[in-house]
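Being a predicted model, the structure only gives us computed values, none of them experimental. Lettering follows sequence order; numbering is per chain, from 1.
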Amino acid sequence: MYENVMKSAERFKARPLGRDQKIGGMKQREDLLFMKVEQEQAVPFITWLKELGGFGHLVLFTAVDFIEQDIFQITYLLHSYEQHHDIVVLVEIDRQKAEMESIHHLWPHAATYQQELFEMFGITFPGSPRLYEDFALEGWQGPPPMRRDFDTKEYSEKTYFPRPGRVTHDPATYMKEQLYPGEAQTW
Amino acid sequence: MDNDSNNKEQLDEIRKQLTLANNDVREGEQAYFCDARPVVVEPYRGILERFANWARSESLWILGFGTGCGAIELRPLMTSRYDMYRFGIQPRPTPRQAGVFVIGGYASVKTMKRIVRSYEQMQGPKFVVGLGSCTINGGMYWDSYNTINRLDHYIPVDVYIAGCMPRPEALLAGFNALKAKIRAGECDGMNKYAQNFDWYKANQKQIIKHWEMPDYNW
Amino acid sequence: MKDIAMKALYTLISLFVILNYGLLLTGTMARVRAKVQGRIGQPVYQPYIDILKNNFLRTSIYHGVMFFLGPVFRLAGGLGTYLFIPVIFGSTIFSNFAFSGDLLLVMYFIFFGQLGMALGAGQSGHPYSPIGVSRGLAQMTAFELPFALAVISIASQYGTLSITGIVAAQQGGILNWVAFTNPLAMVAGMISFLGMSMDNPFSIVLAPQEIPIGPPTEMNAGFLGMLQTNRAIFNGAKLVLFMNLFFGGAGNLLVMVVKTFLLYFYVVFVGASFPRFRPDQSIRFFLGIPTLIGIAAVVLQMV
Amino acid sequence: MVSPIYAIAIPLGAAFLLPLFEKAGKNAAKALVLAILAALTALPVSWLVVWIVNTPNLAGLLRVSPLAVDTGGFPAPISIRLAAGIGEALVMALVNLTAFLGITHMLVRSQAKPTGKTLVLLLTLVTGVNGLILTRDLFNIFVFLEITSISTYALIASNGSKRAYEAGFKYIIAGSIASSIYLVGVIYLYRLTGSLSLDHLPRSGGTAIALMLLTTALLLELKPFPANGWSLDVYQAADPGISAMVSAVGASGVLFVLYKLTPLLSPTHLRLIAGSGAVTFVFSQVIALRQTDVRRMLGYSSTAQIGLMLLVIGSGRGTIPTIVLLGLLLGNHMLSKAGLFWVTDLIDGNRTIASMSDSGSLPALARNKPLLVAMIGILLAALAGLPPFPSFWAKWHLVSALVPNGRWLLVAVVLGGSLMEAGYLFRWFTRFTKASEDPGDVHQERIPADVPVTTRPQTGTVSSRSGKEALARQAASTAAATQATTQTIPQVVRQAEQPVEISGSPVPTIIATLVLVFGGIAAAVGFLAPNQELILLVPLAVLLIGALLDTLRIPSKIQLLLGMLGIGVYSWLLLPSLGGIPLVFGLLFLVGGLLQMIALMQRKGHQPGLAVLVSTLLFSLGNLLFVQSRLGFFFSWELMSIVSYLLIVRGRAASGAALRYLMFSLGGAYSILVGLVLLPTGFAPHATSSLWAGILLGTGFLIKIGTVGLHIWLPGAYAEAEDEVSSLLSSVLSKAGLFMLFTTAGLFIQPLLRSVPGVTLAYLLGWLGALTALAGAFLAVFQEDIKYTLAYSSMGQMGYMLLSFALMTQLGWINSMYLAVTHLLFKTMLFVAIAGVVHRTGTRLMYRMGGLISRMPVSFFSVLIGIIALSGVPPLTGFGAKWMLYTALIEKGWYLQAGMAFFASAIAFLYLFRLIHTIFLGQLKDEHREIREAPLWYLVPQLIAIIGIMLVSMFPNLLIKPLEMAIAGYFPQTIAWQGSTLVSTLGYWNGNAVMYVTMGVFLVPLVWLLATRRKHNQKVRQFNIVYSAERPDRPQTTHYAYNFYAPYRSALGSFLTPWATRFWKRVLSVVRVVGSSTRRIYSGDGQTYALYVLLYAIVLMLLLRGGN
């Protein structure tokens, strides 16, 4: 399995994030593989995975805003029922030109993910059905709220009548001081 | 009423004020909806109103609409552990018949739209219980882009129950507080809403786009 | 003139008794159900407060003339049904207007309220209302069949369709009751009574979770109060009818209270023990065994 | 008197001289031919006139001595004698008239005018036929046979087409074989007896085989089944004008010869002739059913008619002389068949008329040339044996001759064949009225796709960013779609509206039709006069007057007013003379009919046939009230059926339904016919008779009532007829069967089995009634089409009436009539109110309506009252009916029927609620936002009916007491009155008190609500509903109406299978299969046909041997 995918990955210029490589300081599961692929090769690669690689199930489809590198990382999580194996395809796209090929022709339900991604991140998927319709936010008029340059606190304060007198405590200190003063040492 | 034309014009003027423009209803759909404004209804006087208030307080019908995570606390309230029926409280599936609206925690903008519509469909006098911190000041969602912070800017609230989550005991205490308030004749959210309708509506419309309904959902 | 005045007075007394009895019975049974569920339950007088509260509501909405008349029809149906049944055997006060017609009149007058209510609910324009009505009517046609067969069996047994006559024939000991002289008719009738009560196995009409309470979805305030009032009276009327038909009627109020309480208790007992049927299941149920029992009861009278 | 010899000499001479005349000018020759034929027609007519003037009565007329001429001056055995008796004169007149009209037709038509040669041949043919009719010499007959045959071959072949030559050749082969056999027979006979004169041949035995040879030959000439394949190509291949001549004229001569032979023949011969006729009749009809070409179908019909006449000849003497019967049938056949052939000739632009399958232009024809279509209708009715045409009377007398002799097989053949004939003839006729949308079968009514009616986009929410564009795009696309549909519709219509041209003059056909009509009326007068029942012809007079007004294009309103006036006067004169049950039904028919006619006043302009048919229908219903004789009754009954058929067929998509109605009506009528003949004491009220009479009459009446199993026609007829006419049919006409049941009630009370005294026909009727009530209710529940719902509801209600009637107790009968009267009132309300709704909304599908209460409050109120009255909810009239029904049932001991009836009445609630809810309550549709209340003419009858219902509800004894009086004396008294309380042995009912109590209990909560909800009770609109905090998208998606009782359907499962429909479909398919497989014996090969002819002859001979 692994070899098979790797062989084709070369064709699509997909780069595995090595199995032994620790991501976030933890060892990966045996049945999970991360692949990084260029934007142009992403959909062909996913198509190959679906049609020939046996990864018939689109489990998850989301995006991460790496504002520091000025990219959106799009994440496709695929699953193969035959091999009991997951594969994560990571694609980085330009944050300034947030546009990605649609995969709704592979999985119809991907259209809904894309609708959500458009609403939350402003990533467009040309040709995706109902892309510009409201998904979760009815009549949202601000910038896409999940972009990290969108200041939700400021927006909230501006929009939702903050009640004055709100105090924020650090839970650990607050607990120590207020609730369990005698047991402070046990913490 | 005489047929004096002056008088008639005046009446028309008054009637115009009593009807809503319903600007948010789509073209050609005005005829589907009632366009009357909510009106302030004077309470009965004296002992009759006190008696009525007692009856209202002893028969609290909750609208079965779990708007947020706090609604989970209503279930144990119904079952044998807490048994809210003892206090004359029972759930009701339709706003037409319910008298108490328990806002179960955080209210996103999307939910808020439904809350307002349902609130308006309830028949007065109607009472609102804000459940959990989220309804008071946004709670843990205080800086969320999509969750309101203060419920009382959108609909009149009679009782707040603080906590995240408040336990069923707190809810019962809240209901009892509501009962006391009702008996004291202090719960007049319905008239408050009607009186300050434009303010409430402006607040609601500030956050809720695509209203697509009449301004007051009869 | 004096006669009419007296009759009016008797009617008022009779209605007063049945209204209070019906409300208290409803309250009591709610407590019984609560006990089954391990709760304490609402106060016995809760139905009174609910009706009061609904009538005290300051605003209300209506959808049109038929919507307005729906509850009127319903309550008129309940009152009429009750008033055409003699409640206490041999009592002038509680004989009501039983002289205007016999059992057939009562059986058909039950439809009066249902039809009117269905029309009122229909005008609300809410899709759940006609869904509820369609289920209710469909179920009604099914449970009326065994009931009708039971009634026919009794009528042929005693040679009368007069309720007073049927009660009179059952006097003189517990063994003279239809329940013992014609047990098949009683069984068929009592099964359809379950359907008529719309309690649990057959409560799909209201289905609070699925189609929020069905026909009266849009009913509010005073309209709802009127429906609740009717519920008490109509329940009482049905209980009295079944008591008269199968269990020897009642010679005084106390006997009536005991018998009807037990009858209602039976409904609640079944309701608390069984889950709910789908409409097609309940139709098939009533058209099956209970109808066969009813036919058997009728055939036994023929041979 | 002119000698008969001229009848032969003139045409023969003229035929030879014609080429000479042609030299003088074509027109001279044509004029000569016409003059000769006119003279030939006039000749026998002149004899007839002289005889009729000289003889006082019919019997004398039949015994008049024939006009005989011995040729050559020698007496008969030596010379050839020509003799013309009454029969000869009659047949000759008909033959020559038809020939005259036929040649005229061919001369005046625009294309394929006959050449001189054709005229010569036609004259020769006429000569031959005249000779056949007149001569009394067997060999001379052979000569004329040959003359006829040869001219026929030549005529057929004169068309010049390949098919015509082939057809002619086959004809020659078969004809030659027949001639040879005849010649052998003649020789044999001469050898045996030494004489060939019909008047001198011995009537004793020994000549059987010789006579059989003659008979066989003549039979073969008459194209008997199955040895007739050779003749049938003629009809399709030859010129229709010539087909008409061959079909109408050619055969009649041979037929008459056979008739002349009958005195010589033994009973075995006759039986063979009758059998041959019967076989031919029935099989030709079966095959005709499967024909796709109209001329071929008419050809089979001709063969069948000849078969019928053979049957008449062979079945011997009946109630009236054979010759009269034969004359009626022959005249009817000749004129109608020739007329039909001519019509196909007239409208033969692209042969569309001649094809059964492709007939798109026929409706256009009906619109453009209504008179022509009316004429076709008359000709078809005559051919099918409907009153008052001659063959109707012949059919009656034929059956009444056959039944007492116990010849059941022949009766079955005659009636079954006639039924099939009416079936295929009118199937063709319905093509003229067929609309583009014909629902065909009732159980598969097509529900059109729900086209988007608004141009509004259908999505609930539209995104902010591109919302406007999306909205605009959607709106544009919808608008385009709408435009496209509006553009295509006129195209479709234009396609259907092909102009239909008439080529030639219809005058000869019109004359034939008129002769038929007047012959029919003369026959009617002749047959009805002996019983002093000429008053039964009043509906016919109305029909004629109305037809006249219609041709003058008098507006329908005026016609209707005249009709109402006429019915008013008629009722005024008739009703006081009636009493008891007839009076009740008289009021019901006539006054109820008047009520219905008010609704028809809504029609604007000239509606061809509407007013006249309605008036005629009501008059013929009036006939039933007082008719005494069996024949008179049967005449009135059939007249009513055919008139109501014509009314139904006017509906927009009613052709299939109307045809079903006609078929079941005729089937019922034939059943009644046999039943009537079986009644020994004649038709009189409460006659008691044999069981079979009861069963047959009962079946006929049950069909009219629409009992379950026989109800197939009912829903379609009621639903597809025009909306106001449906009301008339359902509320008035359906009671005709019930009335007849009441009138013949005595038939139904005898026990079926001696051992079980309780089981009578009435007992069966009771079960049927209960089943009908249940089936009607169940079928009504699951309809989407409102008129089908009402139609099935009518069926269910008729079931209650039947059940009550069948009880045969006082209360039962009172209830049956009480139901009949109240059903009239509430069905009027329902049907007319629904007619108004359909008129305004333009749809009959319930789920497309909704919320109309605000737009049509009066109609709503009327429907509300109607459904309360129908359902039996107190305090309105329905409860009285239910109370009486159950009381009577339980008194009688019919407990299970009572249970069934109760179940049916509970089911009725389902469809009634559905009816009122889906139309008037729920969500108002956009397209109905501006509609108005129903027209005033619709409201008036509804209001009258409401007043009636309210009165009867308030004071039930207003109706029940007169009904009680109407049936006083029939049954022992089982009910009593205590004030206004009706007391039975079981229970009691005080309608008055119930009304007061109900009003009381209704007022109390009403006043309470009005008082407490006086203020701050906001009236809201249709979308202000609790919709899970959402808003409804569109009224269409919010209105719960389609498939309303889905759970019930799934609960009942296979119980709802339409068994009856399935059964009748199976019957139809069996008949069709028989037709198709029988048709296979016609291989189209001349040799095979010749073989058939020979085999046929041999089989006949063998049968004769076996018979001896």
Report the relative orientation of the aromatic rings in C:F277 and C:F285; use parallel for angles under 30°, tilted for 30 to 60°, perpendicular for over 60°.
-> tilted

Contact part of [X] toward chain C, heavy-atom cut-off under 4.5 Å: side chain, backbone, both or neither?
X: B:R81; value: neither
X: B:M84; value: neither
X: B:E49; value: side chain
X: B:T79; value: backbone
X: B:Y82; value: neither
X: B:P43; value: both

Only residue of B:Y200, B:W199, B:Y193 satisfying ring pair (Phe, Tyr, Trp, His ring centres under 6.0 Å) with B:H153 is B:W199

Hey, is OH on B:Y106 packed in by over 12 heavy atoms from elsewhere, all under 6.0 Å?
->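 Check fails, neighbour count at 12 or below.
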
One option among B:A52, B:P38, B:G64 has the most heavy-atom pairs under 4.5 Å with chain C, and it is B:A52

Are [X] and [Y] within salt-bridge range, i.e. N to O under 4.0 Å?
X: B:D198; Y: B:R37; answer: yes
X: B:E212; Y: B:R26; answer: yes
X: B:R183; Y: B:E58; answer: yes
X: B:K181; Y: B:E186; answer: no

Would you mind telling me which of B:V100, B:V128, B:I182 makes a side chain to side chain contact (heavy atoms under 4.5 Å, CB included) with B:C187?
->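 Result: among B:V100, B:V128, B:I182, B:I182 is the only option passing the side chain to side chain contact (heavy atoms under 4.5 Å, CB included) with B:C187.
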
For the atom pair OG1 (C:T59) and CG (C:N220), what is the distance rounded to the nearest 0.5 Å?
->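 One finds 7.5 Å between OG1 of C:T59 and CG of C:N220.
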
Are C:F56 and B:F51 close enough, and set up right, to give a ring pair (Phe, Tyr, Trp, His ring centres under 6.0 Å), and what steps lead you there?
-> CA-CA 10 Å; C:F56 273 130; B:F51 178 59; 5.8 Å; yes

Mind listing the closest non-hydrogen atom pair of B:Q97 and C:P216 along with its distance?
->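 Heavy atoms of B:Q97 and C:P216 come nearest at NE2-O, 2.8 Å.
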
Verify ring pair (Phe, Tyr, Trp, His ring centres under 6.0 Å) between C:Y62 and C:F67, making sure each step is shown before the conclusion.
-> CA-CA 6 Å; C:Y62 73 109; C:F67 184 87; 7.2 Å; no

Per-residue contacts, residues 39-52 of chain C versus chain B, heavy atoms under 4.5 Å = C:R39, C:I40, C:G41, C:Q42, C:P43, C:Q46, C:I49, C:D50, C:L52

Under 4.5 Å, heavy atom to heavy atom: which of residues 109-122 of chain C reach chain B? Give them by number, or say none.
->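 Residues in range: none.
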
B:W211 side chain near B:Q204 side chain, heavy-atom distance below 4.5 Å | yes

